[in-house]
Amino acid sequence: MKQIIIQGGNLLEGTIRISGAKNSAVALVPASLLSDELVKLDNIPNISDIDALNEILTFLGAKVSRKGELMEIDSSAVENKSIPESISKKLRASYYFMGALLGKYKKVEMYFPGGCSIGARPINLHLKGFEALGAKVIGEGSKYTIIADELKGGHIYLDTVSVGATINIMLAAVKATGITIIDNAAKEPEIVNVATFLNQMGAKISGAGTSQIRITGVEKLGSCYMEVIPDRIEAGTYVIAGALMGKNLKIENIIPEHIEALLTKLREMGVSLDTYDDYLTISKSDNLKPVDITTQVYPGFATDLQQPITALLTTCNGVSTLEETIYENRFQNVEYLNKLGANITIDGQKIIIDGPSKLVGKKVVATDLRAGACLILSGLTAQGETIIEEVEHILRGYENIIEKLEAVGAKIKLEEI
Ligand code: EPZ
């Protein structure tokens, strides 16, 4: 088992380069199965979620090679077989094999996906979408068999805006007969990245990034080269690190527009930052004003930055509030922030953060990916040593986080225990 140890109080100076987006890459890798030819994906982050998807691809018979950030996938020898739960439960995004295999072979057999325990996270909207395309869904416990004689385009209205369901229905519909309309679709940048990838392979998708996506089915998808967009959540996490402990810290390889909701809140708090085309600079600011934040679907304030921003809100002069509207169980970091000396109360789907608090390092636990990121951020500011356990959650979604922070002056290390 591993733990992360941080000596707090060190300013962060220099440059952090943002990697490819986890939540885009984990969709692009399964989607590559839809092609009948070689696919090249670049800017793939080196994180354990990608290793898990790789394991599923290889299990299905795809030939996968990786050179640095470049991944080449040849799925011409794939055999469509039931995916064991042992590998699909390693991550949430394994559910993208449902859309990809159904779209290509009109049949898929796999189990309910894994992923962070931040809520019930059902997949009913994915399954409803597949049924609207003419598929039959047979559920036996946590195992699903989804099968169709033919997939026909249909009109799908998503009851809840869902990133995963929007992408999965796109994957199943690109080779369906006729036109599919997804209404109330999610608009996240990762969806645009996936739609662009599919279009480059020969699909006909329009409206990605808006709430109505239109897909005209095609028979064949060819080869392509595609780059993963920069990770806006990783970027947001380091921007917050800069607001906490930065000394003219530079965050490069970003798309500022993708984190505009965060930057707006930071400016409202009084954080000094300057944005440029593909980078920004930021410094530690004192006397920050408290703010009220509500998480929303894109382009609103991202739920994945809710826990990281809480670390900063503990330093504000006064009472901030944070309302979580996407997940019902995403405040598991609060108990540990209070253990470090914060003053946070939970009131249903809202937390009230009474600052400023002087944090003191202690032993804490990463309960999920973004909760872990929050504890690293607080550890950077806390007096003394903070020890974070169950760090596998963090390593699943942040490429080289220890090396990146160390390179700009953080006293941080990963240790086997
Ligand atoms: C994606 O999850 C991301 N994960 C999440 O990031 C992110 O929090 C989320 O989108 C929202 O932005 C990946 O891309 C792998 P949803 P996803 O479907 O697709 C409910 C991280 O930290 N819902 O948009 O699973 C659901 O329970 C992770 O990187 C249904 O009710 O999220 C949630 O309350 C965590 N039925 C809401 O919709 C469904 O069939 C939004 O979920 C699907 C979703």
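For ligands, and for the atoms within them, numbers begin at 1 and follow the listed sequence. Below, all heavy atoms of this structure are taken into account, side chains as well, without hydrogens, waters or symmetry copies.
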contact_flag Tyr95 ligand 1 heavy-atom lt 4.0 Å: yes
Protein contact of atom 29 (O) of ligand 1 - nearest heavy atom, named by residue and atom, plus distance: Arg370 NH2, 2.7 Å
Gly164 neighbourhood, listing ligand 1 atoms whose heavy-atom distance to it stays under 4.0 Å: 18 (O), 19 (O)
Salt-bridge contact Lys363-Glu389 (side-chain N to carboxylate O under 4.0 Å): yes
Protein heavy-atom partner closest to atom 25 (O) of ligand 1 - residue, atom, separation in Å: Arg92 NE, 2.9 Å
Under 4.0 Å to a heavy atom of Lys22 - the qualifying atoms of ligand 1, by number: 21 (C), 29 (O)
Among Asn80, Val78, Asp36, side chain to side chain contact (heavy atoms under 4.5 Å, CB included) partner for Lys104: Asp36
Protein residue, atom and distance nearest to atom 34 (O) of ligand 1, heavy-atom basis: Ile326 O, 2.6 Å
Lys143 bridged to Glu109 by N-O distance under 4.0 Å: yes
Identity and separation of the nearest protein heavy atom to atom 18 (O) of ligand 1: Ser162 OG, 2.6 Å
Contact with ligand 1 for Arg330, non-hydrogen, under 4.0 angstrom: yes
Residue and atom name of the nearest protein heavy atom (relative to atom 20 (C) of ligand 1), distance in Å to one decimal: Thr160 CG2, 4.4 Å
Residue Lys204 excluded, over 12 heavy atoms near NZ under 6.0 Å: no
Atom 15 (C) of ligand 1 [closest protein heavy-atom partner, distance rounded to 0.1 Å]: Asn23 OD1, 3.5 Å
Ligand 1 contacted by Pro122 (non-hydrogen, < 4.0 Å): yes
N/O separation below 3.5 Å, Leu125 to ligand 1: yes
Close N or O approach (Val26, ligand 1; < 3.5 Å): no
Donor-acceptor pairs are to be reported for all side-chain atoms of residues 183-190 against protein atoms at under 3.5 Å, with residues two or more places apart or in another chain.
from, atom 1, to, atom 2, distance (Å)
Asp183, OD1, Gln212, NE2, 3.1
Asp183, OD2, His155, NE2, 2.7
Asp183, OD2, Gln212, NE2, 3.2
Asn184, ND2, Leu158, O, 2.7
Glu188, OE2, Tyr298, N, 3.0
Glu190, OE1, Arg232, NE, 3.3
Glu190, OE1, Arg232, NH2, 2.9
Glu190, OE2, Arg232, NE, 2.7

Geometric N/O contact Thr303 with ligand 1, under 3.5 angstrom: no
Ionic contact status for Lys404 with Glu406, cut-off 4.0 Å: no
Residue and atom name of the nearest protein heavy atom (relative to atom 1 (C) of ligand 1), distance in Å to one decimal: Val163 CB, 4.1 Å
Whether Ser357 side chain and Leu359 backbone form a donor-acceptor pair below 3.5 Å: no
Numbered atoms and elements of ligand 1 in range of Ile118, under 4.0 angstrom, heavy atoms: 35 (C)
Heavy-atom nearest option to atom 7 (C) of ligand 1, drawn from Ile233, Leu127, Asp304: Asp304
Among Arg66, Lys90, Arg396, side-chain hydrogen bond (donor to acceptor under 3.5 Å, both in side chains) partner for Asp51: Arg66
N/O separation below 3.5 Å, Tyr327 to ligand 1: yes
Contact partition for His126 relative to ligand 1, non-hydrogen atoms under 4.0 Å: both
Polar side chain donor-acceptor pair, Thr58 to Lys63, under 3.5 angstrom: no
Aromatic Tyr336 / basic Lys362 pairing, under 6.0 angstrom, 45° off normal: no
Euclidean distance, Ile402 CD1 relative to Glu415 CD, rounded to 0.5 Å: 11.0 Å
Nearest-contact summary for atom 36 (N) of ligand 1 - protein heavy atom, Å: Asn124 OD1, 2.6 Å
Check: Arg121 side chain, Cys116 main-chain N or O, donor-acceptor pair, under 3.5 Å: yes
